[in-house]
Amino acid sequence: MPRRSIDPSQAKTSFTRIAPYYDVLMESVPYEMWLSYLKLVWSFAEVSPREVLEVCCGTGRLCRMLAKEGYIVAGVDKSAEMIAQAKEIARREGLDIHYEVQDVAEMNLHKRFDAAFSFFDSLNNIIDYQQFMRGLARVRIHLESEKPFLFDLNTAYAFEKKMFDQQCLSQSAKVRYKWKSRWDPNTRLCEITMRFWIGDEHFEEIHVQRAYSIEEIYDAMDAAGFHSISIFDAYTLNPPKKTSDRIHVLGFA
């Protein structure tokens with residue numbers, strides 16, 4: 001029987017029903033390390049931003065952390081459900097953060113920022129290369145001259161090694177889940193079927209990500225108008241390796 005091809009349209013279910021439980025699901029994620037790395041790269045780039053844009057911000061955890069440190073922060077995300085959660089949490093915590101539901105490829109906030117970033121492989125979810133390039137170009141338009149954009153991406157190596165195949169089925173867990181991935185090296189698409197159990201509720205989301213090659217990334221950044229482009233092995237300032245499962249990309253407007 002021929003193997004079923006990956007259907008990108010299935011991703012329409014992603015980041016919808018999980019939104020109210022997303023922060024619980026991500027409790028073990030080392031956000032402090034991510035924020036420390038962001039600041040390390042800002043130091044490396046010799047910038048001291050005041051107004052910061054998070055692209056594909058989800059429920060806004062990093063936005064909130066930055067806001068509590070005195071930064072002026074804005075966040076955009078394509079998922080209305082995730083932005084609704086971000087706004088509600090910011091309201092509860094008394095934080096003034098500007099959130100908008102916007103697709104990065106069409107983003108228009110009518111202002112510019114001192115820095116922008118996007119973490120947790122958010123841009124892998126843009127699976128069309130032309131849209132990926134448009135998204136990068138829209139970010140650059142929202143940056144002041146010579147200001148940095150830092151983002152991360154999962155690599156083909158991560159998908160090949162099935163690093164999305166994860167589960168937590170402990171009855172004591174607030175959110176139980178089982179994820180199964182399927183990688184197509186020809187299209188460079190990875191389909192992740194995510195099943196969740198919360199109390200008596202059970203639902204499924206299907207996420208689709210694309211692995212971009214180093215050449216594609218450089219070309220897209222250059223076409224978007226970024227310069228002085230660097231690609232790092234995750235959470236370092238070292239070049240990526242063949243076994244890098246995540247990379248960080250830095251460019252200047």
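Basis for what follows: all heavy atoms, side chains included, without hydrogens, waters or symmetry-related copies. Positions are given from 1, in the same order as the sequence printed here. Quick caveat: nothing in here was measured; it's all calculated off a predicted structure.
Just one residue in the list Phe117, Phe226, Phe232 forms a side-chain contact (heavy atoms from CB on, under 4.5 Å) with Leu250, and that residue is Phe232.
Under the 3.5 Å distance criterion, with hydrogens and angles disregarded, a donor-acceptor pair is assigned to the side chains of Asn154 and Gln209. A donor atom on one side chain and an acceptor atom on the other are not found under 3.5 Å apart for Glu191 and His207. Looking at Ser181 and Asp165, their side chains do bring a donor and an acceptor atom within 3.5 Å of each other.
Residue Phe119 is grouped with residue Met33 when hydrophobic side chains (ILVMFWY) are merged at heavy-atom distances under 4.5 angstrom, including chains of intermediate members. Under the 4.5 Å side-chain heavy-atom criterion for grouping Ile, Leu, Val, Met, Phe, Trp and Tyr, Leu53 is not connected to Tyr99 through any hydrophobic cluster.
Judged as a ring pair (Phe, Tyr, Trp, His ring centres under 6.0 Å), and not counting sequence neighbours, the contacts of Tyr212 are Tyr129, Phe132.
Arg176 contributes no side-chain N or O that, together with a main-chain N or O of Cys168, makes up a donor-acceptor pair within less than 3.5 Å. Checked by atom type and distance alone, the side chain of Glu88 never pairs as donor or acceptor with a backbone atom of Gln85 at under 3.5 Å. Between the side chain of His142 and the backbone N or O of Leu109, at least one donor-acceptor pair lies under 3.5 Å. Under the 3.5 Å distance criterion, the side-chain polar atoms of Asn238 are left unmatched by any main-chain donor or acceptor of Asp233. Checking side-chain atoms of Arg140 against main-chain N and O of Ala224 turns up a donor-acceptor pair under 3.5 Å. Without hydrogens or angle criteria, Ser122 side chain to Ser118 main chain gives no donor-acceptor distance under 3.5 Å. Side-chain N or O atoms of Gln166 include one that pairs as donor or acceptor with a backbone N or O of Met163 at under 3.5 Å. Between the side chain of Arg138 and the backbone N or O of Met107 there is at least one donor-acceptor pair closer than 3.5 Å. Judged purely by atom type and a 3.5 angstrom limit, Glu205 uses its side chain to pair as donor or acceptor with the backbone of Ile18. Remark: side-chain polar atoms of Glu54 are not paired, donor with acceptor, to backbone N or O of Val76 under 3.5 angstrom.
Ring geometry, Phe159 versus Phe164: the interplanar angle falls under 30°, so the pair is classed parallel (tilted spans 30 to 60°). Note on ring orientation: taking the six-membered ring where Trp is involved, the planes of Tyr37 and Tyr235 are perpendicular (angle over 60°, cut-offs 30° and 60°).
Checked against a 6.0 Å centroid threshold, the rings of Phe44 and Trp42 do not count as neighbours. Taking the ring centroids of Trp197 and Phe203, they lie at or beyond the 6.0 Å cut-off.
Taking 4.5 Å as the limit, every side-chain heavy atom of Asn125 sits out of range of all side-chain heavy atoms of Val208. Side chains of Val52 and Asp114 form no contact here, defined as non-hydrogen atoms less than 4.5 Å apart.
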Going through the checks in order, is the side-chain contact (heavy atoms from CB on, under 4.5 Å) test met by Ile247 and Thr155? CA-CA 7 Å; Ile247 56 175; Thr155 65; 3.9 Å; yes
Can you list the steps and then say if Cys56 with Leu123 is a side-chain contact (heavy atoms from CB on, under 4.5 Å)? CA-CA 8 Å; Cys56 306; Leu123 298 190; 4.0 Å; yes
Please tabulate, for the side chains in residues 20-29, all donor-acceptor contacts under 3.5 angstrom to protein atoms that are two or more places apart in sequence or on a different chain.
residue : atom : partner : partner atom : Å
Tyr21   : OH   : Glu201  : OE1          : 3.0
Asp23   : OD1  : Thr59   : OG1          : 2.5
Asp23   : OD2  : Arg64   : NH2          : 3.1

Let me have the donor-acceptor pairs involving side chains of residues 65-72, under 3.5 Å, with sequence neighbours excluded, atom names and distances please.
residue : atom : partner : partner atom : Å
Lys68   : NZ   : Glu93   : OE1          : 3.1
Glu69   : OE1  : Lys39   : NZ           : 2.4
Glu69   : OE2  : Lys39   : NZ           : 3.0

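Using a cut-off of 4.0 Å between Lys/Arg side-chain N and Asp/Glu carboxylate O, Glu204 and Lys178 are scored as not salt-bridged.
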